[in-house]
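Heavy atoms only: backbone and side chains are in, while hydrogens, waters and symmetry mates are out. Chain naming here is simple, since letters A, B, ... match the order of the sequence lines and numbering starts at 1 in each.
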There are 2 protein chains.
Amino acid sequence: MDQQVKDKKTAIMDAALKLFTERGFHGTSTAQISKEAGVATGTLFNYFPTKEDLINSLYFEVKGKLSRRMGKDIQAQSAFQDKLKKLWYNLIEWGLNNQDDFLFVGQFCSSPYISNYTREEVMKEYVFLHDLVEEGIASGEIRDYSGGLIIGMFYESSRTVVNFILSSGPEDKNKVIEDGFRIIWRGLAKN
Amino acid sequence: MDQQVKDKKTAIMDAALKLFTERGFHGTSTAQISKEAGVATGTLFNYFPTKEDLINSLYFEVKGKLSRRMGKDIQAQSAFQDKLKKLWYNLIEWGLNNQDDFLFVGQFCSSPYISNYTREEVMKEYVFLHDLVEEGIASGEIRDYSGGLIIGMFYESSRTVVNFILSSGPEDKNKVIEDGFRIIWRGLAKN
DNA sequence: AGCACTAATGACTGATTAGTCAATCTTATA
DNA sequence: TATAAGATTGACTAATCAGTCATTAGTGCT
């Protein structure tokens, strides 16, 4: 697959990501995606056999990118609180710097167009989170709540902060990010 | 508007709520909604001039019901922590006992089909939350974070807990609900 | 230049869409 | 029972949909 080809495929995915997020899956026609990407309608179907294949590919790619960004430099931190703080900043940074991706994930993470296969493949990249939480519980730094609950609360808190920053105007971004971490850390920490 | 009429309108709204949630707005045809509701396609358009009017009516009604449930018996509590706890249980109970409504709100609260007018009308019923938060900050029981951030974190935490309970199998429901409150309370409380 | 192969095209199709409307049915009142 | 007003119907339409495929354009090799 040379550069030309990759460009067209990428253009289609970029256009689809933007339009799906703005107008929904069924609200976006393949003709609109092709037009926005600057290719013919037939070209889209060369790369993605169906519209559902297209959104599954998008989901796989975006969620994969997120998992890699999330985990970046975590292990470079020694203290557990610093690991969690690094995770927090990674999540927020990803959301603020990749708004299309952020909104896409929010809208389609529990949508019926994403196949169970795609969902399971993506899930594999997130197991490290459970290990991290177990580490914190074992060392006594966070309280012994259900791992799934802790991960859910942490992740959704980061999404709340990003959404709040994106929708609120002139508030101090960095203060909101720090306050958000204080809230979730105090909520989970033992002391 | 007699009982008969109300029944048809209600049947249409119930069917639409269920189908929109399951298949999305554009993924659900007006013909499907009519069939599910047991009425003719024309009847739907007697009550709702367009498909968008239908989803806006749904949003208005469901969000209105939520705001009334949320605020129920709050003022009967004297301690601030009890008010917040009552709010928490109201939210969780609503989510668990009205799953269609819960999922509908999750999917369409930031969707482009809901008009700004509808959104603003609905927002009016939620101002009491800001007063409540101000009360807690003023009395020194919760920390002085941005009101919008506090409300967002609290609300999304409740959604996380409901989602976690709905998706996780045999875990102890009541423990999860209590743990969830502990997390958000410790996160916000001053001591 | 000539050949072989793949990428790209867009006119086309059968199916489906939101919304209409003339005709029919229901109900309330007298 | 007779009448009028409003509620209900579903066949219908113009527009749009996802996906196809015969044709054309582009590329690399000899």
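Between D:dG10 and B:T41, no contact under 4.0 Å exists linking OP1 or OP2 to a side-chain N or O. Side-chain nitrogen and oxygen atoms of A:K8 include at least one within less than 4.0 Å of the OP1 or OP2 phosphate oxygen of C:dT9. The phosphate of C:dA7 (OP1 or OP2) has no side-chain N or O of A:Y47 nearer than 4.0 angstrom. Contact annotation: A:S29 side-chain N/O to D:dT16 OP1/OP2 distance is not under 4.0 Å.
In the hydrophobic cluster analysis, where Ile, Leu, Val, Met, Phe, Trp and Tyr join through side-chain heavy atoms closer than 4.5 angstrom, A:I92 is grouped together with A:L166.
Candidate nucleotides C:dG19, C:dA8, D:dT8 were compared by shortest atom distance to the side chain of B:K51, and C:dG19 ranks first. Of the candidates C:dA8, D:dT9, D:dG19, the closest approach to any side-chain atom of A:N46 belongs to C:dA8.
No side-chain donor-acceptor contact under 3.5 Å links A:K83 to the backbone of A:G136. With hydrogens and angles ignored, the 3.5 Å screen pairs a side-chain donor or acceptor of A:R159 with a backbone N or O of A:F102.
Regarding B:F25, its CZ atom lies at a distance of 10 Å from the C1' atom of C:dA18, rounded to whole Å. The nearest whole Å value for the distance from the NZ atom in A:K35 to the P atom in C:dG10 is 13 Å. Remark: P of D:dA7 and CD1 of B:I12 are 13 Å apart, rounded to the nearest angstrom. Between B:L54 atom CG and C:dA18 atom P there is a gap of 11 Å when expressed in whole angstrom units. Here the P atom of nucleotide D:dC12 and the CZ atom of B:F45 are 18 Å apart, to the nearest Å.
Judged by distance alone, the side chains of B:E52 and B:T50 never bring a donor and an acceptor atom under 3.5 Å apart.
Comparing B:A31 and B:G42, the nucleotide of DNA chain C nearest to each residue sits closer to the 5' end for B:A31.
As judged by a 4.0 angstrom heavy-atom cut-off over every strand, A:T28 is placed among residues touching the sugar-phosphate backbone only.
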